[in-house]
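Step one of this worksheet: look at the structure below.
Every chain is numbered from 1 and lettered A, B, ... according to where its sequence line falls, protein lines coming before strand lines.
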2 protein chains.
Amino acid sequence: MDVTKAIHLLKEKGFKYTDKRKDMLQVFANELRYISAKDVQETLKPHYPGLSFDTIYRNLSTFSELGILEETELDGEKKFRFKCPTSEHHHHLICLTCGKTKEVAGCPMEQLPVNDSGFTVTGHKFEIYGYCQACSL
Amino acid sequence: MDVTKAIHLLKEKGFKYTDKRKDMLQVFANELRYISAKDVQETLKPHYPGLSFDTIYRNLSTFSELGILEETELDGEKKFRFKCPTSEHHHHLICLTCGKTKEVAGCPMEQLPVNDSGFTVTGHKFEIYGYCQACSL
DNA sequence: CCAATGAATAGTAACGATTACGATTTAGCT
DNA sequence: AGCTAAATCGTAATCGTTACTATTCATTGG
């Protein structure tokens with residue numbers, strides 16, 4: 001997923017092209033890590049001093065629904081990153097300081113015994129937390 | 001973990017005994033599922049109509065720190081349940097409607113390759129989401 | 001190229017969950 | 001019983017997120 005592809009996808013789904021959307025996407029293209037709505041606002045402040053919460057949150061959630069962004073929640077705060085180009089389903093090691101991630105191959109769901117629990121499974125979350133090399137210093 | 005053991009642990013750590021704490025713990029003993037602060041308030045409303053947020057949140061967080069409760073976050077809301085009596089480290093299948101859980105044996109961390117990522121790992125989360133039999137109907 | 005139209009945005013208010021604070025009450029000790 | 005620190009109440013403040021109305025803007029069709 002890159003900015004061009006994302007904009008195509010938006011157009012395809014009937015969303016309009018705006019500079020703000022392009023620039024928001026560019027922020028994610030430049031930062032390959034989980035960032036918050038506030039981070040986006042801060043980064044774009046020089047360009048768009050009055051960028052509205054409504055705009056940020058609505059667009060982030062649109063991007064996320066379209067599969068342009070991946071989403072997680074750390075410390076009660078939603079964080080987003082560009083969807084990994086990797087085609088295979090995988091999980092992440094996440095730096096709790098800067099949001100940087102590292103892919104972890106495989107998925108624990110594969111090794112699970114047959115589901116005889118009576119539960120209808122709809123999703124799962126596997127994340128490993130820690131601190132990246134730069135943030136460990 | 002049960003109410004008696006939890007109260008002993010509290011006393012041991014220098015916390016005082018109060019009826020509210022006992023009754024809060026009893027709520028968790030009766031409900032073997034993830035519940036929210038609001039659920040606790042609702043359940044105890046007949047007994048303690050004016051139970052304060054301060055009291056609830058402070059105690060929940062104390063219980064959690066002492067390992068009396070397990071904590072997770074669903075939909076941006078903190079949820080708590082009595083710590084499983086199972087001694088082995090394990091994970092849960094969680095019903096998104098009622099919070100009921102089912103233990104899943106083993107932990108995906110064990111099957112992970114040696115950590116050569118440069119990350120210092122401090123924790124992980126593996127949760128499976130779905131709907132229990134009762135809530136699937 | 002221009003006007004129409006419906007989506008996108010700004011500015012701000014509302015909201016829900018959580019945390020914080022001063023005043024008061026209470027448990028545990030002497 | 002009286003003292004002291006912890007616990008609680010009532011409520012306000014905070015934080016992240018969502019919602020609303022008026023306005024602006026991208027797209028489309030003449």
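- Bracketed by its first and final contacts, the part of DNA chain C lying under 4.0 Å from non-hydrogen atoms of chain B reaches from dA17(C) to dG28(C) in 5' to 3' order.
- Residues Glu77(B) and Lys79(B) have side chains in contact (heavy-atom distance under 4.5 Å, counting atoms from C-beta outward).
- Leu66(B) and Val27(B) end up in the same hydrophobic cluster when Ile, Leu, Val, Met, Phe, Trp and Tyr side chains are linked at under 4.5 Å.
- Checked against salt bridge (Lys or Arg N to Asp or Glu O under 4.0 Å), Lys45(A) has the following partners two or more places apart in sequence or in another chain: Glu42(A).
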Acceptor/donor pairs from residues 123-130 of chain B side chains to any protein atom, 3.5 angstrom cut, sequence neighbours excluded:
unit_1    : atom_1 : unit_2    : atom_2 : d
His124(B) : NE2    : His89(B)  : NE2    : 3.3
His124(B) : NE2    : His91(B)  : NE2    : 3.2
Lys125(B) : NZ     : Thr72(B)  : OG1    : 3.4
Glu127(B) : OE1    : Thr72(B)  : OG1    : 3.2
Glu127(B) : OE1    : Tyr129(B) : OH     : 2.6
Glu127(B) : OE2    : Thr72(B)  : OG1    : 2.6

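- Mapping Phe53(B) and Arg21(B) onto DNA chain D by nearest heavy atom places Arg21(B) closer to the 5' end of the strand.
- Taken residue by residue, residues 57-75 of chain A places heavy atoms nearer than 4.0 Å to DNA chain D at Tyr57(A).
- Applying the side chain to side chain contact (heavy atoms under 4.5 Å, CB included) criterion to Thr4(A), with sequence neighbours excluded, gives Asp2(A), His8(A).
- Every residue meeting the side chain to side chain contact (heavy atoms under 4.5 Å, CB included) condition with Asn59(A), not counting sequence neighbours, appears here in chain and number order: Arg21(A), Met24(A), Thr55(A), Phe63(A).
- Terminal axes of the helix from dC1(C)-dG30(D) to dT30(C)-dA1(D) (five pairs each, C1' rotation axis) are separated by 30°, to the nearest 10°.
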Open item on the list: I need a per-nucleotide contact map over nucleotides 21-30 of chain D, read 5' to 3'. Cutoff is protein heavy atoms under 4.0 Å; write B for the base, S for backbone only, - otherwise.
Closed with: -----BS---
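- The shortest side-chain heavy-atom distance between Phe28(A) and Val40(A) falls under the 4.5 Å cut-off.
- Under a cut-off of 6.0 angstrom, the local environment of CG in Asp75(A) is sparse, with at most 12 non-hydrogen atoms contributed by other residues, nucleotides or ligands.
- Going from atom OG of Ser136(B) over to atom CZ of Phe119(A) covers 8.5 Å, rounded to the nearest 0.5 Å.
- Note on residues 60-74 of chain B: no pairs pass salt bridge (charged side-chain N to carboxylate O under 4.0 Å, His left out), not counting sequence neighbours.
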Donor-acceptor pairs are to be reported for all side-chain atoms of residues 100-113 of chain B against protein atoms at under 3.5 Å, with residues two or more places apart or in another chain.
unit_1    : atom_1 : unit_2   : atom_2 : d
Thr101(B) : OG1    : Arg81(B) : NH1    : 2.3
Glu103(B) : OE1    : Thr86(B) : OG1    : 3.0
Glu103(B) : OE2    : Thr86(B) : OG1    : 2.6

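- A heavy atom lying under 4.0 Å from DNA chain D marks none of the residues of residues 22-42 of chain B.
- For the pair Thr62(B)/Leu10(B), a side-chain contact is recorded, criterion being any heavy-atom separation below 4.5 Å from C-beta on.
- Contacts of Tyr48(A) classified as side chain to side chain contact (heavy atoms under 4.5 Å, CB included), with partners at least two apart in sequence or in another chain: Asp19(A), Lys20(A), Asp23(A), Leu44(A), Leu51(A).
- Side-chain contact between Ile7(A) and Lys22(A): present, with at least one pair of heavy atoms (C-beta onward) separated by less than 4.5 Å.
- More than 12 non-hydrogen atoms from other residues, nucleotides or ligands lie less than 6.0 angstrom from NE2 of His90(A).
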